[in-house]
Amino acid sequence: MRSPFARWLVSGKETPTTEKYFTAANRDLIGSAFPPSRSTRGRPYRRLGTHLFTAGKNALLLRHATERELNILKKGNFSRIIYMQDDDLESIIHDPYINMEYRKRTEKFIKGFYQDICRLATDIVSPSPTIMEQYGNFHAHFLGPSMLSEPEDMSHHDYDKQFRIVFLGTRSHLQDLNMITAELADFLKNRKYSARLDTFLGKWAPPALKNLKNAHHYAPSGWMHFRRILASQRWHLALAPMRPTPTNRGRSWNKLLDHAAVGAATLHSAGACPMLDLATGGGKHGLPVDSVPGRWREILEWLASDRAMTKRLAEAGLHRARKIGNPQDTRLFWRKLLLT
């Protein structure tokens, strides 16, 4: 299904990693002109590529690199080269449940530019202790993702009669969704008119959910398009099922921030992602769901029937997201690491 949000497509060079961990919190401090123009004077960070930034003799590379960016790092005589990585790359390429295309891209990166990055970098920044442990020779620093947007209010919980559920995961999370597909499909069939599911999986949506009239599967979109959806659309409940895999153990608490951005309460698999468990506080700011047959269906029915509880849970998630994803904390983190 073609996304109705297509009118918000914009061009841009941001990636989820660059924006969540650096540029959104520091946009007014980043310049790209050399020599500095009046408009960029007083901005301590320079953008030299999609993934590469510098601050004096320090360089920051976020997740990936182009050949040009690597050449700059090799020739730049930098005092420190800080590498920011938010995924467990080795686990991704060995995870048989992640789509092969993504695994091959990741493997190509690991065998190629990533080797140069590891030889050049002095520091690692990551939102997961699991990932940080893999870079034993680096100076390690923890940084969670920054919250990019939030709803003006939670009034959609009061006036929307239809219970709107969303799965914001990409294809790399498809098998996580498959884990609960049968229960989710039964729930939607039982509530043909009172509940609705939205995904952004397009043709890759699970077959059991494809033919349901109250399940809509929009085509996957680029990051800037998706970011605008997060900032403008509202749902009541967001799902983050996760298999207990090394890949998911290395993930951040980002799902809570995405769910808070769309005004939704969070349901997630208990124990699969330690950082998300920490963020939701054992049920205070989102509900962890045990891997017991029928449990997802049970909780879906409960929250669809108790909309006041869903709203309270969404509000608690938003409060928590504001605290752990405060852009000012991100801004201070980089100031201390890059400018002192």
Side-chain angles (χ1 to χ4, degrees), residues 1 3-5 151 154-171 173-202 204-221 226 229-242 254-270 272 276 280 283 285-291 294-318 321:
M1 178 182 294
S3 174
F5 313 122
M154 290 291 194
S155 60
H156 62 290
H157 284 273
D158 301 320
Y159 64 72
D160 284 351
K161 292 183 178 180
Q162 190 177 51
F163 189 57
R164 298 188 64 199
I165 305 168
V166 68
F167 176 75
L168 294 172
T170 61
R171 282 182 65 198
H173 298 268
L174 179 57
Q175 293 303 321
D176 292 321
L177 179 60
N178 278 335
M179 186 174 65
I180 67 163
T181 292
E183 294 179 54
L184 183 54
D186 286 345
F187 167 79
L188 292 168
K189 290 174 185 176
N190 190 50
R191 291 177 175 268
K192 291 182 180 179
Y193 305 106
S194 62
R196 164 183 170 147
L197 170 70
D198 292 320
T199 81
F200 295 87
L201 296 170
W204 290 284
L209 300 175
K210 272 189 174 180
N211 297 322
L212 300 178
K213 291 184 178 180
N214 54 342
H216 301 262
H217 307 288
Y218 301 110
S221 61
F226 187 66
I229 292 171
L230 292 181
S232 60
Q233 298 301 300
R234 300 293 171 258
W235 284 271
H236 305 110
L237 183 66
L239 309 178
M242 290 186 177
N254 180 64
K255 286 301 176 193
L256 182 68
L257 306 191
D258 284 352
H259 297 172
V262 299
T266 293
L267 281 191
H268 69 97
S269 297
L276 188 54
T280 58
H285 316 292
L287 283 182
V289 185
D290 296 327
S291 56
R295 188 58 55 84
W296 281 84
R297 170 73 185 275
E298 177 185 339
I299 294 179
L300 285 168
E301 293 286 1
W302 168 43
L303 293 177
S305 300
D306 192 342
R307 300 288 292 275
M309 172 58 74
T310 305
K311 181 180 180 180
R312 287 196 294 271
L313 191 61
E315 289 173 334
L318 176 58

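Looking at every heavy atom in both residues, R171 comes nearest to L201 through N-CD2, 4.0 Å. Contact between A195 and N214 at its shortest, heavy atoms only, is O-ND2, 3.1 Å. Taking both residues in full, the closest heavy atoms of A265 and A314 are given as N-CB, 3.5 Å, listed atom of the first, atom of the second, then distance. When every heavy atom of R234 is checked against every heavy atom of L230, the shortest pair comes out as NH1-O, 3.6 Å. Closest heavy-atom contact between R191 and S305: NH2-OG, 3.0 Å. Of all heavy-atom pairs between L313 and T266, the closest is CD2-O, 4.2 Å.
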**Message:** Could you walk me through whether L168 and F200 satisfy the side-chain contact (heavy atoms from CB on, under 4.5 Å) test, starting with their C-alpha distance in whole Å, then the side-chain angles of each, then the deciding distance to 0.1 Å, before giving a yes or no?
**Reply:** CA-CA 7 Å; L168 294 172; F200 295 87; 3.9 Å; yes
**side-chain contact (heavy atoms from CB on, under 4.5 Å) between H217 and L209, worked out** = CA-CA 9 Å; H217 307 288; L209 300 175; 3.8 Å; yes
**Message:** Could you go through T170 and F226, starting from their C-alpha distance and side-chain angles, then the distance that decides it, and tell me whether this counts as side-chain contact (heavy atoms from CB on, under 4.5 Å)?
**Reply:** CA-CA 11 Å; T170 61; F226 187 66; over 6 Å; no
**Request:** Apply side-chain contact (heavy atoms from CB on, under 4.5 Å) to the pair F163 and R307, showing each step before the final yes or no.
**Result:** CA-CA 8 Å; F163 189 57; R307 300 288 292 275; 3.5 Å; yes
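Formation of a donor-acceptor pair under 3.5 Å by the D198 side chain with backbone atoms of V166 is not found in this model. Proximity of a side-chain donor or acceptor of H156 to a complementary backbone N or O of W235 within less than 3.5 Å is detected. Side-chain atoms of H236 never come within 3.5 Å of backbone atoms of G263 as a donor-acceptor pair (strictly under, hydrogens ignored).
Taking CZ of R164 as the reference point, atom OG1 of T310 lies at 14.5 Å (rounded to 0.5 Å). A distance of 15.0 Å separates CG of L303 from NZ of K311, quoted to the nearest 0.5 Å. Atom-to-atom distance recorded for N254:CG and L276:CG is 9.5 Å, nearest 0.5 angstrom.
In this structure, the side chains of L267 and W296 come closer than 4.5 Å at one or more pairs of heavy atoms. Within the 4.5 Å cutoff, side-chain heavy atoms of L318 are placed close to those of P151. Taking the side chain as every heavy atom from C-beta outward, L197 and H216 never approach each other to under 4.5 Å. Contact check for P288 versus D290: no side-chain heavy atoms found under the 4.5 Å cut-off. Residues Y193 and Q162 fail the side-chain proximity criterion, which asks for heavy atoms closer than 4.5 Å. Looking only at side-chain heavy atoms (C-beta outward), V289 and S269 stay at 4.5 Å or farther from each other. Residues K189 and L212 are in side-chain contact: their nearest non-hydrogen atoms beyond the backbone lie under 4.5 Å apart.
For K210, the NZ atom sits in a packed shell: over 12 heavy atoms of surrounding residues, nucleotides or ligands are nearer than 6.0 Å. Summarising the local packing, CG of N211 is surrounded by 12 or fewer heavy atoms from other residues, nucleotides or ligands at distances under 6.0 Å.
Checking N190 against D186 by side-chain atom types alone, no donor-acceptor pair falls below 3.5 Å. Using modelled atom types and a 3.5 Å distance limit, the side chains of T280 and H285 yield no donor-acceptor pair.
Salt-bridge formation is not detected for the pair E183/R295: no Lys NZ or Arg NE/NH1/NH2 atom is positioned less than 4.0 Å from an Asp or Glu carboxylate oxygen.
Using a 30° and 60° split on the angle between ring planes, F167 and H173 fall in the perpendicular class, above 60°.
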